[in-house]
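Treat the numbers as computed from the prediction; the structure is a model and nothing was measured.
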Amino acid sequence: RSGEMAKLTQLIDNEVFWAYATYTTIVLLKMMLMSPVTAYFRITRKAFANPEDTTSLGKGESAKKFLRTDPDVERVRRSHLNDLENIVPFLGIGLLYALCGPELSTALLHFRIFAGARILHTFAYLIPLPQPSRGLSWAVGYAVTISMAYKVLKTVLYL
């Protein structure tokens, strides 16, 4: 039923919950892929953060030159951090939203737009695409999370 919190025992039959689970898995996998992308950029740019990571490149002073920052590595890291700042709130608010009994079509719209915005944000960050593409993709995902939060508060607190 729309507008009521779902009972936990109803989750197995709740299509909105399964839609949430699907899109949560997609954005979490996308976020997890940022770790190997970071490693790839560190290895190909020979820019490491820890001395033990440079042992295969030399010893002593010759290895120290690889303890450095690289603009491409930092770009990937910032993209990954942005995922953490935006996907984690989506996980919590999205779950509460799914439990509020929204219409499946509305929930799918929220989840799909969020996932698409996060994927576009990553491409905009890594390619990099000209602004405002990255800023807009961030704002769209953020607005979706705020929209879901509003629905949760409206349902639970009768705002």
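Scored by the salt bridge (Lys or Arg N to Asp or Glu O under 4.0 Å) test, Arg112 finds no partners at all (sequence neighbours excluded). In terms of the side-chain hydrogen bond (donor to acceptor under 3.5 Å, both in side chains) criterion, Arg75 has no residue partners (sequence neighbours excluded). Under the side-chain hydrogen bond (donor to acceptor under 3.5 Å, both in side chains) criterion, Lys65 pairs with no residue, sequence neighbours left out.
The aromatic rings of Phe90 and Phe111 sit perpendicular to each other, their planes meeting at more than 60°, with 30° as the lower class boundary. Aromatic ring pairs are classed by plane angle as parallel below 30°, tilted from 30° to 60° and perpendicular above 60°; the pair Tyr125 and His121 is perpendicular.
Residues Leu84 and Met31 form a side-chain contact, since some pair of their non-hydrogen atoms from C-beta on lies under 4.5 Å apart. Residues Thr22 and Phe17 are not in side-chain contact: their nearest non-hydrogen atoms beyond the backbone lie 4.5 Å or more apart. With a 4.5 Å cut-off on side-chain heavy atoms, Arg118 and Asn82 count as touching. Looking only at side-chain heavy atoms (C-beta outward), Tyr23 and Trp18 stay at 4.5 Å or farther from each other. Two residues are said to be in side-chain contact when any heavy atoms from C-beta on lie closer than 4.5 Å; Asn86 and Thr145 fail this criterion. Annotation: side chain of Leu120 is not in contact with side chain of Val140 (no heavy-atom distance under 4.5 Å).
Smallest separation of non-hydrogen atoms from Ala98 and Tyr20: CB-CB, 4.1 Å. Across all non-hydrogen atoms, the minimal contact from Ala47 to Val73 is CB-CG2, 4.3 Å. The minimum heavy-atom distance between Gly141 and Ala117, with the atom names listed, is N-CB, 3.7 Å. Pairing each heavy atom of Leu67 with each of Ala49, the nearest pair is CD2-C, 3.9 Å. When all heavy atoms of Asp72 and Asp70 are compared, the closest pair comes out as N-OD2, 2.9 Å. Scanning both residues, Pro102 and Val16, for their nearest heavy atoms gives O-CG2, 3.4 Å.
Between the side chain of Glu15 and the backbone N or O of Ala19 there is no donor-acceptor pair closer than 3.5 Å. Side-chain N or O atoms of Glu52 include none that pairs as donor or acceptor with a backbone N or O of Thr55 at under 3.5 Å.
Taking the six-membered ring for Trp, His110 and Phe114 have ring centres at least 6.0 Å apart.
Only one option out of Arg78, Arg77, Lys30 pairs with Asp83 in a salt bridge (Lys or Arg N to Asp or Glu O under 4.0 Å); it is Lys30.
Other cluster members for Trp138: Tyr142, Ile146, joined by side-chain heavy-atom distances under 4.5 Å among Ile, Leu, Val, Met, Phe, Trp and Tyr. Connectivity analysis of hydrophobic side chains (ILVMFWY, heavy atoms under 4.5 Å, direct or indirect) links Phe48 to Ile43, Leu57, Phe66.
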Taking only distance into account, with no hydrogens and no angle test, what donor-acceptor pairs under 3.5 Å do side-chain atoms of residues 32-40 form with protein atoms, sequence neighbours excluded?
| residue | atom | partner | partner atom | Å |
| --- | --- | --- | --- | --- |
| Thr38 | OG1 | Met34 | O | 2.8 |

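Rounded to the nearest 0.5 angstrom, Thr122 OG1 and His80 NE2 are separated by 9.5 Å. With rounding to the nearest 0.5 angstrom, the CZ atom of Arg42 is 10.0 Å from the CZ atom of Arg68.
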